[in-house]
Novice: 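One structure, as structure tokens, below. Some questions next.
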Amino acid sequence: MSGPTRARRTRPRSPGRPGAGPDARGTEIEVEVGPVAHGGHCVARHEGRVVFVRHALPGERVVARITEGAAEAKFWRADAVRVLRADPARVEPACPVARPGMCGGCDFQHATGAKQRELKAQVVAEQLHRLAGLDLDVVVEEAPSAGPEGLRWRTRTQFAVDAEGRTGLRGHRSHDVVPLEDCPISTERVVGSGVLAQRFGNVETVEVAAGSDGAPPLVVVTPTPGRHAHLPRLPDASVAVRTADGLHRVSGRTWVEERVTVRGEDHAFRVGGAGFWQVHPAAPTLLGEAVLAALDPRPGESALDLYSGAGLFTALLADAVGAGGSVLAVEGEERAVRDARRSLHGREQVELWAGAVEEALVDEELTARRVDVVVLDPPRSGAGREAVAAVAALGARAVAYVACDPAALARDTASLAEHGYVLAGLRAFDLFPQTHHVECVARFVPRAQG
Ligand SMILES: C[S@@+](CC[C@H](N)C(=O)[O-])C[C@H]1O[C@@H](n2cnc3c(N)ncnc32)[C@H](O)[C@@H]1O
């Protein structure tokens with residue numbers, strides 16, 4: 001769908017690498033914007049070369065400023081800086097720095113929520129088609145939110161600190177920090193911690209985690225390596241400092257409490273030191289219910305929860321299989337395993353292993369077990385071919401794969417298919433409004449059942 005393009009240079013050509021020809025960075029080009037692509041941008045073409053354009057929508061005609069334009073590069077990157085023909089779903093971003101050349105935290109603030117979900121559905125479908133050879137109609141479901149649509153949902157935000165000690169977020173593909181007075185996708189309680197109003201000294205990052213129990217949020221500060229951090233007073237938060245030898249309490253608690261209701265049952269989890277927990281307040285319930293629906297765990301069954309974190313799915317599986325069943329949870333972060341142990345205290349059917357999933361999956365104690373159902377909730381990079389092959393070898397009747405990256409999900413879907421497991425259902429949730437991120441829960445079953 002690309003049309004004719006015109007180039008206008010707004011900055012002098014820089015020489016680029018010797019012999020590599022000029023670099024087009026700063027050049028403005030007029031392009032027809034094509035489909036959305038994974039990563040928060042759309043695909044356009046300029047003189048035969050692919051250009052990934054941010055701040056644009058498919059079908060628009062825009063003036064795009066090249067942000068990465070090496071002469072020898074296979075593709076360039078650009079920001080839409082003027083819209084010549086707008087999509088009807090284009091809106092004014094709610095945040096003053098969600099704009100070209102500014103904050104890199106949000107990718108889609110210039111689109112309505114419905115349009116964002118449509119774009120994410122296209123990305124999930126495209127990744128499954130390209131990497132797993134599957135053609136699926138994907139729907140991305142809106143997550144219920146207490147705040148204005150798509151705003152004030154982020155209960156955990158990691159801010160960076162600039163040379164002057166101001167907190168903010170980094171630009172897109174940049175180390176530069178854009179100082180912030182507010183972050184409209186973060187909850188009032190995250191912003192209310194006061195970190196955006198203060199200056200820090202010798203600090204690299206400031207993470208804020210607001211638990212659902214209403215207690216003051218936890219601020220975890222990571223100092224610049226080899227330096228002593230200077231912290232401002234934060235009377236409305238608990239504060240801790242993270243160093244190579246652990247987490248050091250400065251004030252208040254070093255953990256937050258999360259309360260979750262799934263299928264009418266209440267659960268409480270301790271999450272220490274800004275450890276992993278889903279960032280959208282609706283996520284634990286939505287994902288918990290989707291995982292239970294995908295697996296339908298029955299009393300007496302044996303379940304495996306891989307990449308178990310603070311034990312969200314472990315608790316749900318434990319209740320479903322009951323005292324006569326068993327759940328083995330495997331998690332790499334010792335601290336998360338300690339948290340899970342505390343939260344799951346009293347559930348005798350649960351066993352918690354601290355260590356790498358890849359190693360656990362070749363442990364004879366595990367490979368000799370009967371496994372009926374598996375939850376796989378790996379980090380962004382996915383489980384990978386070896387872990388997937390080992391999971392398939394367990395012969396479970398169902399696997400629920402929770403994925404925060406559709407490309408990793410699609411790669412692992414292809415590996416699961418090689419090992420006899422087929423995709424039997426997929427739900428996708430908009431748990432990261434305004435960004436390009438999307439969370440999926442996929443159900444896999446042995447091919448004969450599929
Ligand atoms: C996406 S989180 C999921 C956590 C948990 N299932 C939840 O929903 O809260 C991924 C988890 O995998 C852990 N992890 C990452 N790589 C791992 C590995 N190779 N082996 C074991 N755990 C790993 C991380 O520490 C993190 O807790």
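Each ligand, and each atom within it, is numbered from 1 in the order the structure gives.
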Novice: Taking the side chain from Thr67 and the backbone from Arg77, do they hold a donor-acceptor pair closer than 3.5 Å?
Specialist: yes

Novice: How far is atom 20 (N) of ligand 1 from the closest protein heavy atom, and which atom is that?
Specialist: Val357 N, 2.9 Å

Novice: So does Glu142 pair up with Lys120, basic N to acidic O under 4.0 Å?
Specialist: no

Novice: Quick one: do Asp107 and Thr435 satisfy side chain to side chain donor-acceptor pair (under 3.5 Å)? Show the steps, please.
Specialist: CA-CA 5 Å; Asp107 313 287; Thr435 78; 4.7 Å; no

Novice: Hey, does Ala356 come in under 3.5 Å of ligand 1, counting only N/O atoms on both sides?
Specialist: no

Novice: Considering only non-hydrogen protein atoms, determine which one is nearest to atom 16 (N) of ligand 1 and report residue, atom name and distance to 0.1 Å.
Specialist: Pro379 CG, 3.7 Å

Novice: Relative to ligand 1, is Pro378 under 4.0 angstrom through side chain, backbone, both or neither, heavy atoms considered?
Specialist: backbone

Novice: Would you mind listing which atoms of ligand 1 come within a distance below 4.0 Å of any non-hydrogen atom of Gly332?
Specialist: 21 (C), 22 (N), 23 (C)

Novice: Look only at the side chain of Arg443 and the backbone of Ala294, and say whether a donor-acceptor pair between them is shorter than 3.5 Å.
Specialist: yes

Novice: Is the side chain of Glu358 donor-acceptor paired with the backbone N or O of Ala387 at a distance under 3.5 Å, no angle test?
Specialist: no

Novice: State the atoms of ligand 1, each with its element, that fall below the 4.0 Å cut-off from a heavy-atom position in Gly355.
Specialist: 20 (N), 21 (C)

Novice: So does Arg170 pair up with Asp176, basic N to acidic O under 4.0 Å?
Specialist: no

Novice: Below 4.0 Å, non-hydrogen atoms only: which portion of Cys404 touches ligand 1? Side chain, backbone, both or neither.
Specialist: neither

Novice: Near Glu333, which atoms of ligand 1 are under 4.0 Å from a heavy atom of that residue?
Specialist: 25 (O)

Novice: More than 12 heavy atoms of other residues, nucleotides or ligands under 6.0 Å from CD of Glu386: yes or no?
Specialist: no

Novice: Counting each atom of ligand 1 from 1 as listed, which ones have a heavy atom of Phe313 under 4.0 Å away?
Specialist: 6 (N), 8 (O)

Novice: Which residue owns the protein heavy atom closest to atom 25 (O) of ligand 1, what's the atom, and how far is it?
Specialist: Glu331 OE2, 2.7 Å

Novice: With respect to Asp405, which candidate in Arg380, His437, His38 satisfies the side-chain hydrogen bond (donor to acceptor under 3.5 Å, both in side chains) definition?
Specialist: His38

Novice: When rounded to the nearest 0.5 angstrom, what is the spacing between OG in Ser308 and CD in Glu333?
Specialist: 11.0 Å

Novice: Could you tell me whether some N/O pair between Asp377 and ligand 1 is separated by less than 3.5 angstrom?
Specialist: yes

Novice: Taking a cutoff of less than 4.0 Å between a non-hydrogen atom of the residue and any ligand atom, is Ala336 in contact with ligand 1?
Specialist: no

Novice: Using a 4.0 Å heavy-atom cut-off, which part of Glu358 comes near ligand 1: side chain, backbone, both, or neither?
Specialist: side chain

Novice: Check this for me - ligand 1, Tyr307, N or O atoms closer than 3.5 angstrom, yes or no?
Specialist: yes

